[in-house]
Amino acid sequence: MSAAPKPMPTFDVDAARADFDILSRTVYGKRLAYLDSGASAQKPRVVLDAMRDFASRDYANVHRGVHFLSGAATDAYEAARETVRKFMNAASVDEIVFTKGGTEAINLVSYAFLAPRIQPGDEIVLTVMEHHSNIVPWHFLRERQGAVLRWVDVRDDGSLDIEAFDAAITAKTKLVAVTHMSNVLGTVTPLKEIVARAHAKGVPVLADGCQGAVHEIVDVQALDIDFYALTGHKIYGPTGIGALYAKKAHLKAMCPFNGGGEMIREVSQDRITYADPPARFEAGTPPIIESVGLAAAMDYLNGFDRAAVAAHEHDLLAYARDAVRELNWLRVIGDAPGKGAILSFEAEGMHAHDLATILDREGVAVRAGHHCAQPLMERFAVVSTSRASFALYNTRTDVDQLVAALHKARQILV
Amino acid sequence: MSAAPKPMPTFDVDAARADFDILSRTVYGKRLAYLDSGASAQKPRVVLDAMRDFASRDYANVHRGVHFLSGAATDAYEAARETVRKFMNAASVDEIVFTKGGTEAINLVSYAFLAPRIQPGDEIVLTVMEHHSNIVPWHFLRERQGAVLRWVDVRDDGSLDIEAFDAAITAKTKLVAVTHMSNVLGTVTPLKEIVARAHAKGVPVLADGCQGAVHEIVDVQALDIDFYALTGHKIYGPTGIGALYAKKAHLKAMCPFNGGGEMIREVSQDRITYADPPARFEAGTPPIIESVGLAAAMDYLNGFDRAAVAAHEHDLLAYARDAVRELNWLRVIGDAPGKGAILSFEAEGMHAHDLATILDREGVAVRAGHHCAQPLMERFAVVSTSRASFALYNTRTDVDQLVAALHKARQILV
Amino acid sequence: MDNSLRELYQEVILDHSRHPRHSGVLANATHKADGYNPLCGDRVTVYLALDEAGKVADIKFQGKGCAISQASASLMTDLLLGRSKEDAEKLMQGFLHLVKGEDAAGLSADDREILDVMSGLSEFPMRVKCATLAWHTFKSAVEGGEAAKTE
Amino acid sequence: MDNSLRELYQEVILDHSRHPRHSGVLANATHKADGYNPLCGDRVTVYLALDEAGKVADIKFQGKGCAISQASASLMTDLLLGRSKEDAEKLMQGFLHLVKGEDAAGLSADDREILDVMSGLSEFPMRVKCATLAWHTFKSAVEGGEAAKTE
Ligand SMILES: Cc1ncc(COP(=O)(O)O)c(C=O)c1O
Ligand SMILES: Cc1ncc(COP(=O)(O)O)c(C=O)c1O
C-alpha cells in the first residue's frame, strides 16, 4: 500500500470570509474592503460565540471560588493560558501572563523587570521602526531614571542591518527591545539572530509581537527569547486582552506591577508577600471572558494551515505591490525582503487623510497617519503615510478596489 | 383633571431574571442559586448582545482612523464614556478614564497621582475593611517610598467610626483611600462626610466603588470626591474593563502610567510629550468592545427604578438575616446599619470551604475564603468566612435554598 | 462619484489648498501660536498683527497638512484680515457650527456665502478637526499663544 | 443527599479531622516546613525526625484548615511513620494520583486500602489542593524546609 501524496497546503479564503459577518456589510452602499487589520483585525463568529456562550452558561469569577461556576470559569481561564502557551510554544503555562493588551505586556516588562535594574547611563537598544508601545515605556526610564535609548536605524528598504544592530549592543545595554514585525513597513526582524547576538553579550531581548504573532509562527523556545508580547485584538481575538511570555527565571525575579487581589500571598497591616508567577502579575479580576475569546481566536487561526495562510497573505502583498508599482505618483515605504503583508505609501499631491477619506467613500478602509511610529516617520521624512494591511480574509478583489479608489482620489485631488 | 398618583416604585424580579440565561441553568441537577455576585455579577442578554452586535457590525480600532468603521467604533467608545460620566454624574467626559478593571483604576491613582507626591513618612489613611486592591497599591508606596499606612478600625458591627476616621487624618496624610461598600461586611461608608472631613484638612479622597457603584447611586459632584474607581464585571458588565473618575485638576497634574500609543502628543528619539487627559492614561488599544458592554450594563441597570432595586436587595438581605438569626451555630459578621446586600458568616464546626462545597452540591454558589480582605479577617479573628452576596436577580427562593443547604451541611459535617 | 466628496473637495477648496493666501511668516507679528493635531501630525502656525484697537491689521500662516486644513487656514486668513477680535470670535463660532452641520445663524450673509464652501464637511465628522485647527490656533494666538491642538 | 458528598465526608474523614492523629509540635524534629494555601488561608506545619537511615522516626503536624486538609494531614502522619524517604515519596505520588482520579497503581494494596477513604476527592477537583497541602509540606520538610504551598 503506497502512502497518498501529502496534499498541497490550501487555504479557502471565501470560506474564511464567511466566518466574519462584518465583511459582508456595506459602507456608503459600497462593498467593504477592510484593509486595516494592522490596526485591529475583525473577529470570526467562533470567537464571538465562544465568549457569549461562556458568559451565558459558565461564567463566574475565577480562582477563589469552590462552587461549580467558579470552577468552570477557572478551568476555561487556565485552558486559555494553555492555548496561549501552545501558540507560542512556551515551556510552561507559568510563563504566560495575561495582560490587557500588547501595550500593557511591554509596560509590565518595563516596570517589573527593567526599572529596578536601571542605573543612570544604562542603555536600551531599540529600532527606529518601533511602535510607540515599544518606545514610550523606555522613554519613561530615560525621563525617570536616566536610561539612554540607543536607536538602531533601518535601511532605506526598511530592512534591519543586523551588524549595525549588533554594534549598538554594548556593555551598558540592559535590554534589547525590538519589534517582530513592523506595523508600518511590514519588515520582519531576524529575531533568532538578534537574540543570539544579544545573549552573546549577556543582554535579554524583548520582542514586540503584536503584529508578528499574527503572521509568523512563534516559537519562544526555538528563539530562546526572554520576553514576547502579543495582543488579542490583532489576532482575530477580543479587545481587552493580551499576553506576555517571559522566561520563568525572569518572572521569578520580577517585582509586582499592579497591586490587588490574586497577586498576593499574605497581606497584613504592616507586611505583604507576593504570589508566585504568573499570578503575581495578574492583579485583580483578569479579562476572563476575553481569555476565552483569545483562545478561540488562536484555535481558529491554527485551524488553518498556517503556511497556506501566510502564502495567501504574501500573494496579496505581491499582487498589491505589483499593482502600485506602475503608479509613478505613488511611493511605497518599506520593501524589505520577506516582509509581511503591510503596504505603506505616500501619494504625490495627496495628503494621507484626504486620500483615506476618499478611499473610505469607495468602501476601502485604510489607516492614514503616523501609525504610532513617529520616529519612523521622521526617518523617512514624512508626516504621515497611508497603510493597507492584509489579513487572512482579504482578497485580490480588495486590492483591486483599493487601486481603483486610488485612481479616483487622484482624479479628485490632483 | 387631577394628576394620577405617582406609582410606587416597583421591580419585577422575575422579569429581570429572564434577562440572564445563566440563571435558568442547573448545576448537579439542582436549581442554581447564584449568591456570588459580590465576586462577579452575571451579565444580562442585552449586554452580551450589544458587544456581539457591535463586534460583528461596527468594529475597528478607535481614534486614529478616518474610515467609516473606525468612526463608528470611536463614536461607540466615546458614547460609552459619556454613559459612564452620566452614571457617576461627573462634570465632564474628560474626567472618565477607562481602565482594565477596578484594581487598575486604583493602581493608576497610586502610580500617576500619589507616588510622585510621597515623601518618607507621608501617610495614607485606609480602613481595615479594604479589599486588597485598595491595600496593596499603598503597601507598594510603603515598601518603595517609605509611606506610612494608617489603618482605621471598624466597630464590632462593621460600621465605620467617623470620629476615629477623622482623627487618623493628620497633616502628614497625603490620601484617604476608602471603600464605598465593603465586599465582606456590606458596610456602606459615609463618603460625603469622609470627603468633608478630609477636605477640611486638605486631603484628597479616593473611593473604591467596585461594590458601591453597583448598589448605591453615585454622584461624584455631590460627594465632591477626588477619585472614584469602579469595575465593569460586578455591575452586570463585561470583564476587562473598569473606570476611574478623577477631578480634572488632578488628571491634568498626573504623570502618565502605562506608555504607548494614543497617550502621547509627540515622540521623537530624544523627546516626548504627553496627550491631555483622559487620553494620557489610556495607553494602547483600549477595551473597545468591553466599553460597549459596560455602557449597555449601566443602561440596563438604570432602566430600572434604582430605588426599587435597592429596596429589593435590602429586602433579600433582611429576609436572609432573619432566617439565619435563629441558627445559633451561625455567626454573622457585619451588621452595620444601612449595610448593602452582603451576608458574611462563620458556622460553628464547619470550615468555610467544606461548607461551600456542600452548598455547591445543593446548587448554592457562595464564596468562601478571605475575600481578598485579609486585614479584615484578622480584625474579626477568622481565617475565612462564607459570603452570600445578593444582586438584583436574586429572590427569596435563593435564600430559602441557601438556608436549607446550610442545614444539610450541618447534618453532614457536625 | 460620491456627491458629498465632490462637494468637500470642490474647486475652491482645492485652489485654496494648492495656492494658500497669506501664507508665510509675519515679521511684525504681535501674536503667534502653534497648532498641532496629534492624530495626523498636521501643524499650523498663525501670525497676527493686532493694532491698538484690537483689529487684525495683518495675518499669515504657515503649515503642513491635508487639503482641508490648508484650505481652511487660507480661507480663515482671508476672512479675518481687518476684523476686530470680537468679530473674529463670532466668525469662529459661526464657522464651528457650520462645519458640524449645526445652525450657523450667527454668521453674516456675506461671511456665510464665503464659508459655505466648507459646509460639505458636515458630512465628514472625522475631518472636522482638520478644518478647525487653524481657527483654534488663531484663537490661542489672540489669547496669548498657548499651543493649540485639536484631538 | 448527594452520594459523592457522603463519600467525601465519610465518617473516617470526619473522625480524622475532628481527632487528628499525631497533632502537635515535635520537640526533637530534624526537619520542619510550613505549608500555606493562599486561596483559603489554610496552614499546616509538618515536623519530622528522620533517623540516620533516612527513615521517618517520628512525625507530627499542626495546622488550621478545612476537614479535608486536616484529615489528610492526620492520615498522612499515620501512614508515613516508620517509612523510608523513598517509600514516602512513592506513597505521595500514589496519593496525588489517587485524589485526582488517576491511576494509583504505584500504591501497595495496604496503603491503597487506607488511602481509599480519600478517593472521593476525585469528584471535587477544586478541593484537591486542600488534601495535598500536608503532603507537599512534608516533601519540602524532607527537602530542607522551603515553605510549601498549593495554589
Ligand atoms: C471592594 C472591591 N474593591 C476592588 C475590587 C477589585 O476590582 P477588580 O476585580 O475589577 O479588579 C473588588 C472585587 O474584586 C472589590 O470587591
Ligand atoms: C507593533 C505594535 N506594537 C504594539 C501595539 C500595541 O498593542 P495594543 O494595541 O494591544 O496595546 C501595536 C498595535 O497597536 C502594534 O502594531
Side-chain angles (χ1 to χ4, degrees), chain A residues 21-22 25 27 36 39-40 42-43 48 52 55-57 59-61 64-69 100-104 107 132-133 135-137 139-140 151 233 238-241 258-261 264 267-269 272 283-285 287-290 353 356-357 360 365 367-369 372 374-375 378, chain B residues 21-22 25 27 36 39-40 42-43 48 52 55-57 59-61 64-69 100-104 107 132-133 135-137 139-140 151 233 238-241 258-261 264 267-269 272 283-285 287-290 353 356-357 360 365 367-369 372 374-375 378:
Chain A
D21 289 335
I22 200 170
R25 74 163 284 169
V27 295
D36 195 25
S40 202
Q42 299 300 340
K43 293 102 186 54
L48 304 177
R52 200 204 158 94
S56 54
R57 212 164 55 199
Y59 180 77
N61 211 329
R64 284 170 192 283
V66 299
H67 61 74
F68 181 89
L69 291 176
K100 72 191 272 196
T103 299
E104 195 192 38
N107 276 272
H132 290 166
S133 294
I135 295 175
V136 183
H139 262 307
F140 287 171
W151 295 87
H233 68 93
T239 49
I241 191 164
N258 283 324
I264 58 97
V267 181
S268 67
Q269 292 197 3
I272 183 163
T285 300
I288 305 169
I289 300 172
E290 291 73 16
H353 270 91
T357 291
D360 179 41
R367 209 91 330 204
C372 293
Q374 287 186 341
E378 236 170 81
Chain B
D21 289 334
I22 201 169
R25 74 162 284 169
V27 293
D36 194 25
S40 201
Q42 298 300 339
K43 292 101 186 56
L48 303 178
R52 200 202 158 93
S56 53
R57 212 165 54 202
Y59 180 77
N61 210 330
R64 284 169 194 281
V66 300
H67 62 75
F68 181 90
L69 290 177
K100 72 190 269 195
T103 299
E104 196 192 37
N107 277 272
H132 290 165
S133 294
I135 294 175
V136 183
H139 262 307
F140 285 171
W151 295 87
H233 68 93
T239 48
I241 192 164
N258 282 324
I264 58 97
V267 181
S268 67
Q269 293 197 3
I272 183 163
T285 300
I288 306 169
I289 300 172
E290 292 73 18
H353 270 91
T357 292
D360 179 42
R367 225 21 51 172
C372 293
Q374 288 186 341
E378 236 170 81

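Every chain is numbered from 1 and lettered A, B, ... according to where its sequence line falls, protein lines coming before strand lines. Just so it is clear, the values below take in all heavy atoms, side chains as well, and ignore hydrogens, waters and symmetry mates. Everything numeric here is computed off the predicted structure, so don't read it as measured data.
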> Output, in order, the C-alpha distance, side-chain angles, deciding distance and verdict of side-chain contact (heavy atoms from CB on, under 4.5 Å) for A/R367 and B/N61.
CA-CA 10 Å; A/R367 209 91 330 204; B/N61 210 330; 4.0 Å; yes
> What pair of heavy atoms forms the shortest contact from A/I135 to B/V267, and how long is it?
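Closest approach of A/I135 to B/V267, heavy atoms only: CG2-CG1, 3.8 Å.
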> Return the option, out of A/S268, A/A356, A/P238, A/A55, with the maximum number of heavy-atom pairs under 4.5 Å with chain B.
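Winner by heavy-atom pair count: A/S268.
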> Working to the nearest 0.5 angstrom, can you tell me the gap between A/I272 CD1 and B/Q374 CD?
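Between A/I272 CD1 and B/Q374 CD, I get 9.0 Å after rounding to 0.5 Å.
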> Quick one: closest heavy-atom pair of A/S40 and B/Y59, and the distance?
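Minimum heavy-atom separation between A/S40 and B/Y59: OG-OH, 2.5 Å.
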> Measure distances from A/N258 to the heavy atoms of chain B and classify the residue's part below 4.5 Å as side chain, backbone, both or neither.
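For A/N258, heavy atoms of backbone and side chain both lie under 4.5 Å from chain B.
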> With chain B as the partner, which of A/E378, A/H353, A/R57 has the greatest number of non-hydrogen pairs under 4.5 Å?
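The answer is A/R57.
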> Report yes if the side chains of A/H139 and B/I264 come closer than 4.5 Å at any heavy-atom pair, otherwise no.
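Contact flag for A/H139/B/I264 side chains = no.
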> Say whether, by atom type as modelled, one donor and one acceptor occur between the side chain of B/Q269 and the main chain of A/P375 under 3.5 angstrom.
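Between the backbone of A/P375 and the side chain of B/Q269 there is no qualifying donor-acceptor contact (under 3.5 Å).
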> Answer yes or no: is there a donor N or O on one side and an acceptor on the other, between the side chain of B/D21 and the main chain of A/S56, under 3.5 Å?
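No; zero donor-acceptor contacts below 3.5 Å.
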> Any idea which heavy atoms bring A/C372 and B/G261 closest together, and the distance?
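Result for this residue pair: SG-CA, 3.8 Å.
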> Could you pull out all residues at least two apart from A/D360 that satisfy side-chain contact (heavy atoms from CB on, under 4.5 Å)?
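Counting only residues at least two positions away or on another chain, A/D360 forms a side-chain contact (heavy atoms from CB on, under 4.5 Å) with A/Y28, B/H67, B/F68.
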> What part of A/L48 gets within 4.5 angstrom of chain B, counting heavy atoms only: side chain, backbone, both, or neither?
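For A/L48, the contact with chain B is made by backbone and side chain together.
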> Roughly how far apart are A/E290 CD and B/I241 CD1, rounded to 0.5 Å?
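These two atoms lie 9.0 Å from each other.
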> Counting only non-hydrogen atoms closer than 4.5 Å, does B/K100 touch chain A with its backbone (N, CA, C, O), its side chain (CB onward), both, or neither?
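It is both, since atoms from each part get that close.
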> Quick one: of B/Q42, B/K43, B/R52, who has the most non-hydrogen atom pairs under 4.5 Å with chain A?
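Highest number of heavy-atom pairs under 4.5 Å: B/R52.
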> With chain B as the partner, which of A/V136, A/T239, A/I289, A/T103 has the greatest number of non-hydrogen pairs under 4.5 Å?
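Ranked by heavy-atom pairs under 4.5 Å with chain B, first place is A/T239.
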> Taking the side chain as everything from C-beta on, heavy atoms only, tell me whether B/L69 gets closer than 4.5 Å to A/D36.
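With C-beta onward as the side chain, the pair stays apart.
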